[in-house]
2 protein chains.
Amino acid sequence: MAAADELGYRPNAIAQGLITRRSGMIAVIISNLTNLHYPEVLAELTQGLSGRGARVLLFALKSESEIDEILDQVWRYQVDGAIVAARLSDDQLSTFKARGTALVLYNRQSDGVPVASVACEFAAGEALLVDGMIASGCCNFAIIGGPTDSTVGEARVNGALDRLALAGLTSVPIERGDFSYQGGYDAATRLLKDKRIDAIISANDTMALGAMDAARLDFGHQIPETLSIVGFDGVAPAKWRSYDLTTMRQPVGRMTTAAISMLFDQIENPDLGPEKRLFSGSLIRGKTARLAG
Amino acid sequence: MAAADELGYRPNAIAQGLITRRSGMIAVIISNLTNLHYPEVLAELTQGLSGRGARVLLFALKSESEIDEILDQVWRYQVDGAIVAARLSDDQLSTFKARGTALVLYNRQSDGVPVASVACEFAAGEALLVDGMIASGCCNFAIIGGPTDSTVGEARVNGALDRLALAGLTSVPIERGDFSYQGGYDAATRLLKDKRIDAIISANDTMALGAMDAARLDFGHQIPETLSIVGFDGVAPAKWRSYDLTTMRQPVGRMTTAAISMLFDQIENPDLGPEKRLFSGSLIRGKTARLAG
DNA sequence: CTGTTAGCGCATTCAA
DNA sequence: TTGAATGCGCTAACAG
């Protein structure tokens, strides 16, 4: 019988799945793969899932409107579970429960339906950044946010705003970008017309890098002397020496590991109550902000 | 019957696949997802395949040695085809033919077994870069290559060496990196100890960016006045204003589109002769090399 | 054109 | 322990 194996025989996983009702496939749904942060997440997820004997069925959304057709495919393929970094409506969330498909949200929360999720704590992270900048003398803040329909983006903007308000800083100008370098560059170009701005908080690193270039190359700013800039994520280019961005690094490894184990917990024990796990980021003291304290 | 659909019924693609012998899944195998270039490729592939009604089963290799277990999974899952950006042995290539699984190599070639592939022409690209640099007065070239076991890396290094030899430039120093920023940074640090070097050719953009930072921040070079640097790929960060790298951009959209249509051609017509499609890159005249001509 | 049946490749059950 | 039968959800080929 082992001879058959030498002949190239491999059990048909598709047929196996039909009978065991376990396809061995996990849907990974990511809304903007081109964001520098997500390839890292995807790589970790793929490795981690592979280590637990599962395969990744990948879905990348070009726009959030595609999510319905994507979910349609997800149902057809009988995936054992899904890890989702995209906006899901309450209806869509309920469908997962109704169909008994395990689900973990990545860096998103649900206000309505209870659902398992992992996320990086932004409030504490933003607070740390904001407090440090205030303590070092920044007083005219501006924010570069994501699109208003982005959960992550809004959360980070609000986290920063809250902390600024706590320090008595209100009416902070906000410009929005699409999380891209160019988006950050353009947003900063609009913001820096106001010469008093001496601190920019960006909702992610890539936009912060664009903002840095606009500030120093077009506006003649010295960073961090005349302008502080901070980001969020801790992507690889933020560490590059031409930038050396001050930012909060998401613990990608721990988050993906957690997402995977939560997913398998659900699969093995279907009526497990959903759990939310929050990880705190780690401060990367780059050279783009003087952080006192 | 349409009422059943409202009830949430979706045909079981797994069962469909069992009988039609078409799973609707394409394996995408990528060796180093963390390389900045590949997320873009993956995004395009996923979109394109989705547009043709196929789903992506993703495999990311941490090291080339995992390829065998990966292929094992590929066979089990009865994928309709595979797009592979990883090193495959002749044996492995033959197995695809033997099992009748459609296959397109991405940016790799096979010398032995005939197999369909798409690739970006490096020789002409490197020639363009090299000629331009020579014409503008560079005469002490150095090369930053990839690991010796990387097909793409070696091809690009050899492309550059050939062209340099044609101009009578021989004994060009080569240092190798792992395609990462740090790898390029370190390689440049070793190369630039020789003060005569006035031109660096990097096997990819990310290493070129690392080399730029080493050159200007540690060695006090003015780019491109005292040192020219060119890369290959055309990744997003290469266009960032702090770098503005001179490079050859791979036509990712055309290449992925071609890979997908070649794959489907094979699927629909199994005994189609393999075709190699070569695309030429487009020169991006950044600011890191003065290119005469 | 609608209704029935067989079988895709397995895992699981039951009989031997 | 080994061997044969059943069925997972569907499609295709067939009969009515």
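First the proteins, then the strands, lettered A, B, ... as listed; each starts at 1. Below, each value reflects all heavy atoms present in this structure, side chains not excepted, and no hydrogens, waters or symmetry copies.
- Considering only residues two or more places apart in sequence or on other chains, B/L278 meets the side chain to side chain contact (heavy atoms under 4.5 Å, CB included) condition with B/Q109, B/A119, B/E121.
- With sequence neighbours excluded, the residues that form a side chain to side chain donor-acceptor pair (under 3.5 Å) with B/D178 are B/S180.
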List, with names and distances, any nitrogen or oxygen atoms from the protein found under 3.5 Å away from nitrogen or oxygen atoms belonging to nucleotides 3-9 of chain C.
from: C/dG9; atom 1: OP1; to: B/R21; atom 2: NH2; distance (Å): 2.3

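- In this entry the distance linking CD1 of B/I14 with P of C/dC10 reads 14 Å, nearest Å.
- Partners of A/E40 under the side chain to side chain donor-acceptor pair (under 3.5 Å) rule, at least two apart in sequence or in another chain, are A/R249.
- Applying the side chain to side chain contact (heavy atoms under 4.5 Å, CB included) test to B/T247 and every residue at least two apart in sequence or in another chain returns B/D205, B/L245, B/I284.
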Identify each donor-acceptor pair in which a side-chain atom of residues 259-269 of chain B lies under 3.5 Å from a protein atom, sequence neighbours left out, and give them as a table.
from: B/S261; atom 1: OG; to: B/A258; atom 2: O; distance (Å): 3.2
from: B/Q266; atom 1: OE1; to: B/L103; atom 2: N; distance (Å): 3.2
from: B/Q266; atom 1: NE2; to: B/L103; atom 2: O; distance (Å): 2.8

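- Residues that satisfy the side chain to side chain donor-acceptor pair (under 3.5 Å) test with B/Q92, not counting sequence neighbours, are B/S89.
- Between its opening and closing five pairs, the helix from C/dG3-D/dC14 to C/dA16-D/dT1 changes axis direction by 50°, a value rounded to 10 degrees.
- With sequence neighbours excluded, the residues satisfying side chain to side chain contact (heavy atoms under 4.5 Å, CB included) with B/S31 are B/L61, B/E64, B/A86, B/R108.
- Taking a cutoff of 4.0 Å between a charged side-chain nitrogen and a carboxylate oxygen, A/D149 and A/R176 do not qualify as a salt bridge.
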Under 3.5 Å, side-chain donor or acceptor atoms of residues 74-81 of chain A against the rest of the protein: list the pairs with distances, not counting sequence neighbours.
from: A/W75; atom 1: NE1; to: A/L71; atom 2: O; distance (Å): 3.4
from: A/R76; atom 1: NH1; to: A/D72; atom 2: OD2; distance (Å): 2.5
from: A/Y77; atom 1: OH; to: B/S23; atom 2: O; distance (Å): 2.6
from: A/Y77; atom 1: OH; to: B/R55; atom 2: NH2; distance (Å): 3.1
from: A/D80; atom 1: OD1; to: A/S23; atom 2: N; distance (Å): 3.0
from: A/D80; atom 1: OD1; to: A/S23; atom 2: OG; distance (Å): 3.4
from: A/D80; atom 1: OD2; to: A/G24; atom 2: N; distance (Å): 2.8

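- Annotation: side chain to side chain contact (heavy atoms under 4.5 Å, CB included) contacts of A/S63 (sequence neighbours excluded): A/S65, A/E66.
- The nucleotide range of DNA chain D contacted by chain A, defined by atoms under 4.0 angstrom from heavy atoms of the protein and reported 5' to 3', is D/dG7 to D/dG9.
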